[in-house]
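Notes follow the structure.
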Amino acid sequence: LRKYQFDGVEHALKKRRLIWNLACAAGKTIMSLEFMDIALSLGLRIMYVVPFQAVLHQLIEKIEREFDKGVNKLQFVKVSDSLYVDTNDQIAIGLPISILNKKYGDIDKGNRKQSNKNIVSYSEVVKRYFTNLDKIDKYDKYDILIVDEAHLLGADSLFAVPSLSDAKIRIGMTATPVRTDGKDIFINSAIHTDSYVVNRNTLLEGKYIPNTTYQQMTFNTKKVIDSSKNYSECYTDLHLSDEFNDFITNIVKTKLSKDM
């Protein structure tokens, strides 16, 4: 680990509930793997929540590759396309809805089997867990909760998992903790108000991250996604659509032509 990464892991061990606020490509995932290695050595169990299918598969591969070098070797079993557990049953990694399904049954598919007039949105499926939250058994199996892209905790589907977790140790990872809709409060509630921050300029000066620029663009997603699908399905449909890929391609071509 680099010094700032080691310091971030050390802060998390001391604080027990912390947001890692570091720029993209600063190595937050590597930090989480180091934290997991320490936790596994202590016999602790971990729930790792990721928001996207593509991230999930990359994370599984990275964990198995990195842990194969050390004492805590890990091998995962596929429970579903969006949920994996290791063979020692110490770690569960998955998308929010799959983690909820593992505990309470396949609510998403069950909901879709209803007649068309009774079908509700993905968000509403999750919201029903909050109706009688005090009557719902919480997760008592996992000691640690790690949430990737923690700024997305403003979404009901992601916020449901920490709400139903009794994990005393919680780590949130994000490069953009401040939300324009004011839902930062959900990050604070689910994880904590304390953050470990490394200034982007510091990372640039150390050549730890590339010097990239960002430009906000707008794309009408209604043209390519079905709003009745869940978030993961919509995300996949968007990135596989010709319209979206043509949109990105044209942006890149325009940028290259201006730079030449």
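In this structure, a donor-acceptor pair under 3.5 Å is present between the side chains of Ser32 and Tyr48.
Using modelled atom types, one side-chain atom of Glu64 and one backbone atom of Phe76 make a donor-acceptor pair closer than 3.5 Å. Side-chain atoms of Arg17 do not come within 3.5 Å of backbone N or O of Lys168 as any donor-acceptor pair. Without hydrogens or angle criteria, Asp86 side chain to Gln75 main chain gives no donor-acceptor distance under 3.5 Å. When atom types are taken as modelled, the side chain of Thr202 and the backbone of Val198 share no donor-acceptor pair closer than 3.5 angstrom. Here the side chain of Arg170 pairs a donor or acceptor atom with the backbone of Ala167 at under 3.5 angstrom. Looking at Asn220, its side chain does come within 3.5 Å of a backbone N or O of Lys222 through a donor-acceptor pair. Between the Gln5 side chain and the Ala26 main chain, a donor and an acceptor come within less than 3.5 Å of each other. Using a distance-only test at 3.5 Å, with no hydrogens or angles considered, a donor-acceptor pair links the side chain of Asn245 to the main chain of Ser241. Distance alone, capped at 3.5 Å, is enough to place a donor-acceptor pair between the Trp20 side chain and the Gly8 backbone.
Hydrophobic cluster membership differs between Leu1 and Val197, with clusters built from Ile, Leu, Val, Met, Phe, Trp and Tyr side chains linked at under 4.5 angstrom. A continuous path of Ile, Leu, Val, Met, Phe, Trp and Tyr side chains, each step under 4.5 Å between heavy atoms, connects Leu42 with Ile91, placing both in one hydrophobic cluster.
Here Arg45 does not pair with Asp143 in a salt bridge; the nearest charged N to carboxylate O distance is not below 4.0 Å.
When all heavy atoms are compared, the tightest approach of Ala190 to Leu153 is CB-CD1, 3.8 Å. Taking all atoms of both residues into account, the shortest heavy-atom contact from Met36 to Ile146 is CG-CD1, 3.8 Å. Heavy atoms only, all atoms of each residue included: Ala150 and Thr174 are closest at N-CB, 4.0 Å. Residue Ala12 comes nearest to Ile171 through the heavy atom pair CB-CD1, 3.4 Å, listed as atom of the first residue, atom of the second, then distance.
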request  = Apply side-chain contact (heavy atoms from CB on, under 4.5 Å) to the pair Met173 and Val147, showing each step before the final yes or no.
outcome  = CA-CA 6 Å; Met173 303 186 294; Val147 181; over 6 Å; no
Checking side-chain contact (heavy atoms from CB on, under 4.5 Å) for the pair Leu33/Phe67: CA distance, chi angles, key distance, verdict?
CA-CA 8 Å; Leu33 298 191; Phe67 277 78; 4.2 Å; yes
Leu18 and Ile191: CA distance, side-chain angles, deciding distance, side-chain contact (heavy atoms from CB on, under 4.5 Å) verdict: CA-CA 6 Å; Leu18 189 70; Ile191 309 296; 5.8 Å; no
- request: Under the side-chain contact (heavy atoms from CB on, under 4.5 Å) rule, what do Asp237 and Val224 come out as? Steps first, then yes or no, please.
  value: CA-CA 7 Å; Asp237 288 348; Val224 296; over 6 Å; no
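Within the model, atoms CD1 of Ile225 and CG of Leu238 stand 6.5 Å from one another, a figure rounded to the nearest 0.5 Å. Rounded to the nearest 0.5 Å, atoms CD1 (Ile248) and CZ (Phe244) are 4.0 Å apart. Taken from CG in Leu203 to CD1 in Ile209, the straight-line distance is 4.5 Å, to the nearest 0.5 Å. Rounding to the nearest 0.5 Å gives a distance of 5.5 Å between OG of Ser195 and CG of Asn21. The distance from atom CG of Leu13 to atom CD of Glu34, rounded to the nearest 0.5 Å, is 9.0 Å. Atom CD1 of Ile93 and atom CD1 of Ile60 lie 4.0 Å apart (nearest 0.5 Å).
His11 and Tyr196 have tilted rings, their planes meeting at an angle from 30° to 60° on a 0 to 90° scale. Using the six-membered ring where Trp is involved, Phe219 and Phe247 have ring planes that are tilted, between 30° and 60° apart.
Taking 4.5 Å as the limit, every side-chain heavy atom of Asn88 sits out of range of all side-chain heavy atoms of Leu40. Taking 4.5 Å as the limit, every side-chain heavy atom of Arg200 sits out of range of all side-chain heavy atoms of Leu22. Inter-residue side-chain proximity for His151 and Ile187 is flagged as met; some heavy-atom pair is nearer than 4.5 Å. Side-chain contact between Ile169 and Phe35: present, with at least one pair of heavy atoms (C-beta onward) separated by less than 4.5 Å. Proximity of Leu95 to Leu83: side-chain heavy atoms (C-beta onward) are nowhere separated by under 4.5 Å. Between Tyr142 and Gln90, every side-chain heavy-atom pair lies at or beyond the 4.5 Å cut-off.
Residue-environment remark: CD1 (Ile185) stays at or below the threshold of 12 foreign heavy atoms within 6.0 Å.
Among residues two or more places apart in sequence or in another chain, the ring-ring contact (aromatic ring centres under 6.0 Å, His included) test is passed with His192 by none.
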